[in-house]
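This report concerns only the one structure given below.
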Amino acid sequence: MFLRKHRFGVVSHTDLIPKLIPLVRSFNSFSYSPSTNVVDETSTNYEFDFNQLFISCNKSIHLAKRLHALLLVSGEAKNIYFSAKLVNLYAYLGDISYSSITFEQIRTKNVFAWNSMIFGFVHNGCSREAINCYYRLLVTSSSRVRPDFYTFPVVLKACGDLVDGKKVHCWVLKLGFCLDLFIDASLIHMYSKFGFVTDARKVFDVMWVRDKGTWNAMISGFCQNGNAVEALGVFEEMRMEGVQLDSTTVSSILPVCAPFGEGLKGILIHVYAIKHGLEFDVFVSNALINMYAKLGELVSSRKVFDQMITRDLVSWNSLISAYEQNNDPISALKLFSEMTENKFQPDVFTLVSLASVVAQCGDDHKSRSVHGFIMRRSWMCEDSFIENAIMDMYAKLGCIDLARKVFERMAFKDVISWNTLITGYAQNGLASEAVEVFREMEWCKGIVPDQGTLVSILPAFSHLGSLQHGMRVHGYSIKIGLCMDIFVGTCLIDLYVKCGRLDDAMLLFKQVPRRSSVPWNAIISGHGIHGDGEVALTIFGEMQDDGVKPDHVTFVSVLSACSHAGLVEQGKSCFQLMQQKYGIEPSLKHYGCMVDLLGRAGHVDIAYDFIKNMPIRPDASVWGALLGACKVHQNEELGKVASEQLFEVDPENVGYYVLVSNMYASTGKWDGVDKVRALARDRGLRKTPGWSSIEVNKKVDVFYSGNQSHPQCEEIYKELGGLLSKMKSLGYVPDYSFVLQDVEDDEKEHILTSHSERLAIAYGIINTPPKTPIRIFKNLRVCGDCHNATKLISRITERDIIVRDSNRFHHFRNGHCSCGDYW
DNA sequence: ATAGGGTTAG
């Protein structure tokens, strides 16, 4: 006689015993030992706990199937209770098809069965099916079978959007379940998930009783919506009410501490966790690793990690990403191999970090491995996150075409995908491609440009000097309320600066929040490249008066402002100030600025001594600054020294070969020119072609020197011819030292006249109303002869001509230039 | 018998 003790009474079934005993035995031999109450096999009385049996089976799908088979054979499967448990068991083990087949075979489904099925779908990520199942339940519901308080938490979890959620909420109210703690927590969670955290708060506020779960739901709701202040507020309230924090509370509050400047609070919570024995909780430890990483405290991250008793994949991922975020790709890679040695299989998160790590290393080969690894696991199509990371990786490695390919094959592109591609183009110097992508994006349904988009596209417009397009984006930023964002605001300041509208830049600067150094740096550098060194220094002074701490970028801006304006003494004292007052160690960029400052002012020898005394190894930009100065001040001897260094440090950069060859050409040393050219040719380098662009009626035209293919070509050359004769009558003599080819004089004159900047200016004169300003952009430095010519053209045409070259601005007016011929 | 709230990313 077999007895099964059960809540609902005692059921007997004789045939089941002989079949069940071996099953129970196999469970016992299976490392996990269920505490089945099999008292004595030989006895005729068994007390058998079926719950234990089901629990035993949740380790393996095979055991579950054997149990199912036995229940079928014995006829017990007809028992609705067992069937529902099976639905649950299969779902738990991840076999949703077995789960739903079992469910469908139940003739009279009770709530338990329905709940199990809905749970099954949610547990296996089939939210849509879960919701459908819930609707089926509603349709078939009667007084006997209708959703109960077990149903709603699961259904709420399955809601795909606010509409679903609100409908479910209505049913909750209709059926009178509004005082259930679990349901309320789920409601709070649902509203927060869709960003409606105020609705979540409403649910929270009307609750009479709250348990830890509901507090935690509210806190995590605020945290996940980036509302740190509210989150910390609720957190304090919770403590005031004397509710003990648990590991869930701690691990949901920790992630908001670092990004919202509450690092100290985070550390205090760490102390609390240690005191209350939550320190070794995996979730808490992982959150701590991440928090310390964001605070830049890598040592603490590592310490937490090392002290952990058990680590999971998230722990490894967190520490890898900690190293990645703090620019230590070598340690990150080391940790990755340690992780695989410890038999942890990398997941999507690991690979996202790894993509960024290999980009930091600049390792082309490893990047292909990362991409291949992801493709082999077909993770590419699962979500856009990883694909965006891969795009970013390729873009950072300079393989923008590969990034594009990834982008084009993406099944689902989100805003970030577009932003990543735009940034990729912009950072690889392909501004017009970036603009092209932006245009495409604007036509793309369902994609709304966000802060990230503006921050990636505005520099491209600045780079192209495309003022009208940039202004349109400025308008858009006002519309979506982002123009006062520090980063967008700074990009806009930079746009106006780079488009030659220093006054507009200044106006905007006065409006944006100025607590951070970012906008200050932009406006200081703006005045610098416009040659207003004095104003730059004044603003720098105001910045210090306002108590804004200058950073290393500020000093690059200040020093280069001094060098553009020839403020040697002021530059020197800023260099001192940076080290002594602000304790900033000069970087190569700062040294480059100083060499430029000294060299340009004619102190080439002092600049060389300065380089020799540098505590770090000078790089190409430092030697390049010296070479530039040598060219201007015709110091061939030092120029040779600089060039030898340059060809060693940065042999691939064409610019330096051109500079050296120009230096020789300007003094007519053609053999030197030939030597350098031969050297460049041997190394397979080709001169970057010079070009100038101009924006007329929102259309940007680009001119190359000697360009003959423009539709208005004839008109342009006619205009230039007319200007040339007027210039000559004003005493213009072409300066052939800027012609870098050894040709006859009349040929030289033609070469000068067809320099790209002149073509662009002529085009501007033809296509814009008289006396309006002309703004052009040149990718290289403007040539000395064109500089002279442009001064005269500004006088003849009574126009302001603003030329931005690769180095700075030249504002020509009535025969003079703002740079005072110092550049 | 079945349910909620937690850590990592571009």
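The model shown is predicted, which means the values in this text are computed figures rather than measured ones. The chains referred to below are lettered A, B, ... by the order of the sequence lines, with proteins before strands, and numbering in each begins at 1.
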Measure [atom1]/[X] against [atom2]/[N] and give the value in whole Å, please.
{"X": "A/Phe222", "N": "B/dG6", "atom1": "CZ", "atom2": "P", "value": "15 Å"}
{"X": "A/Trp215", "N": "B/dG4", "atom1": "CH2", "atom2": "P", "value": "22 Å"}
{"X": "A/Lys85", "N": "B/dA3", "atom1": "NZ", "atom2": "P", "value": "9 Å"}
{"X": "A/Lys193", "N": "B/dG6", "atom1": "NZ", "atom2": "C1'", "value": "15 Å"}
{"X": "A/Asn286", "N": "B/dA9", "atom1": "CG", "atom2": "P", "value": "11 Å"}
{"X": "A/Asp312", "N": "B/dT7", "atom1": "CG", "atom2": "C1'", "value": "8 Å"}
{"X": "A/Asp347", "N": "B/dT7", "atom1": "CG", "atom2": "P", "value": "15 Å"}
{"X": "A/Met291", "N": "B/dT7", "atom1": "CE", "atom2": "P", "value": "15 Å"}

Hey, is the side chain of [X] poking within less than 4.0 Å of OP1 or OP2 on [N], counting only N and O atoms?
{"X": "A/Gln224", "N": "B/dT7", "answer": "yes"}
{"X": "A/Lys157", "N": "B/dG4", "answer": "yes"}
{"X": "A/Lys294", "N": "B/dA9", "answer": "yes"}
{"X": "A/Gln325", "N": "B/dT8", "answer": "no"}
{"X": "A/His189", "N": "B/dG6", "answer": "yes"}

Side-chain donor-acceptor pair present, [X], [Y], cut-off under 3.5 Å:
{"X": "A/His68", "Y": "A/Tyr98", "result": "no"}
{"X": "A/Ser353", "Y": "A/Glu324", "result": "no"}
{"X": "A/Gln325", "Y": "A/Ser321", "result": "yes"}

Apply ring pair (Phe, Tyr, Trp, His ring centres under 6.0 Å) to residues A/Trp418 and A/Phe407 and explain how you reach the verdict. CA-CA 8 Å; A/Trp418 289 92; A/Phe407 178 81; 5.0 Å; yes
Quick one: label [X] by what it contacts on the DNA or RNA (base, sugar-phosphate, nothing), any heavy atom closer than 4.0 Å.
{"X": "A/Ser247", "answer": "base"}
{"X": "A/Val314", "answer": "base"}
{"X": "A/Asn419", "answer": "nothing"}
{"X": "A/Ser356", "answer": "nothing"}
{"X": "A/Asp211", "answer": "base"}

- Query: Is the A/Trp316 to A/Phe336 ring centre distance short of 6.0 Å?
  - Reply: no
Do A/Trp215 and A/Phe235 have ring centroids that are under 6.0 Å from one another?
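No; A/Trp215 has its ring centre 6.0 Å or more from that of A/Phe235.
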Any N or O donor-acceptor pair under 3.5 Å from the base of B/dG6 to the side chain of A/Ser251?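 Per atom types, the contact qualifies.
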Notebook entry, point to check: Within the modelled atom types, does a donor on one side and an acceptor on the other bring the side chain of A/Ser220 and the base of B/dG6 under 3.5 Å apart?
Noted result: no
Counting side-chain heavy atoms from CB outward, which of [options] is closest to [X]?
{"X": "A/Val352", "options": "B/dT7, B/dA3, B/dA9", "answer": "B/dA9"}
{"X": "A/Asn290", "options": "B/dA9, B/dT8, B/dG6", "answer": "B/dT8"}
{"X": "A/Pro255", "options": "B/dT8, B/dG6, B/dA3", "answer": "B/dT8"}
{"X": "A/Asn88", "options": "B/dT2, B/dA9, B/dA3", "answer": "B/dT2"}

Q: Could you check whether A/Phe149 and the base of B/dA3 form a stacked pair, meaning centres closer than 5.5 Å and planes differing by less than 30°?
A: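 Per 5.5 Å and 30° rule: no stacking.
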Going by the salt bridge (Lys or Arg N to Asp or Glu O under 4.0 Å) test, which pairs reach into [range], not counting sequence neighbours?
{"range": "residues 301-317 of chain A", "result": "A/Arg302-A/Asp306"}
{"range": "residues 391-405 of chain A", "result": "A/Asp392-A/Lys396, A/Arg404-A/Glu408, A/Arg404-A/Glu440"}
{"range": "residues 205-222 of chain A", "result": "A/Arg201-A/Asp205"}

Neighbours of DNA chain B within residues 106-117 of chain A, by heavy-atom distance under 4.0 Å =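 Those residues are A/Phe112, A/Asn115.
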Problem - Members of residues 277-284 of chain A that approach DNA chain B, where some heavy atom sits under 4.0 Å away - result: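 The stretch gives A/Asp281, A/Phe283 as the residues lying under 4.0 Å from the strand, ordered by number.
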Evaluate the criterion side chain to side chain contact (heavy atoms under 4.5 Å, CB included) for residue pair A/Thr151 and A/Tyr134; output intermediate values, then yes/no. CA-CA 8 Å; A/Thr151 319; A/Tyr134 163 72; 4.3 Å; yes
Contacts satisfying side-chain hydrogen bond (donor to acceptor under 3.5 Å, both in side chains) that involve residues 171-180 of chain A (not counting sequence neighbours) are none
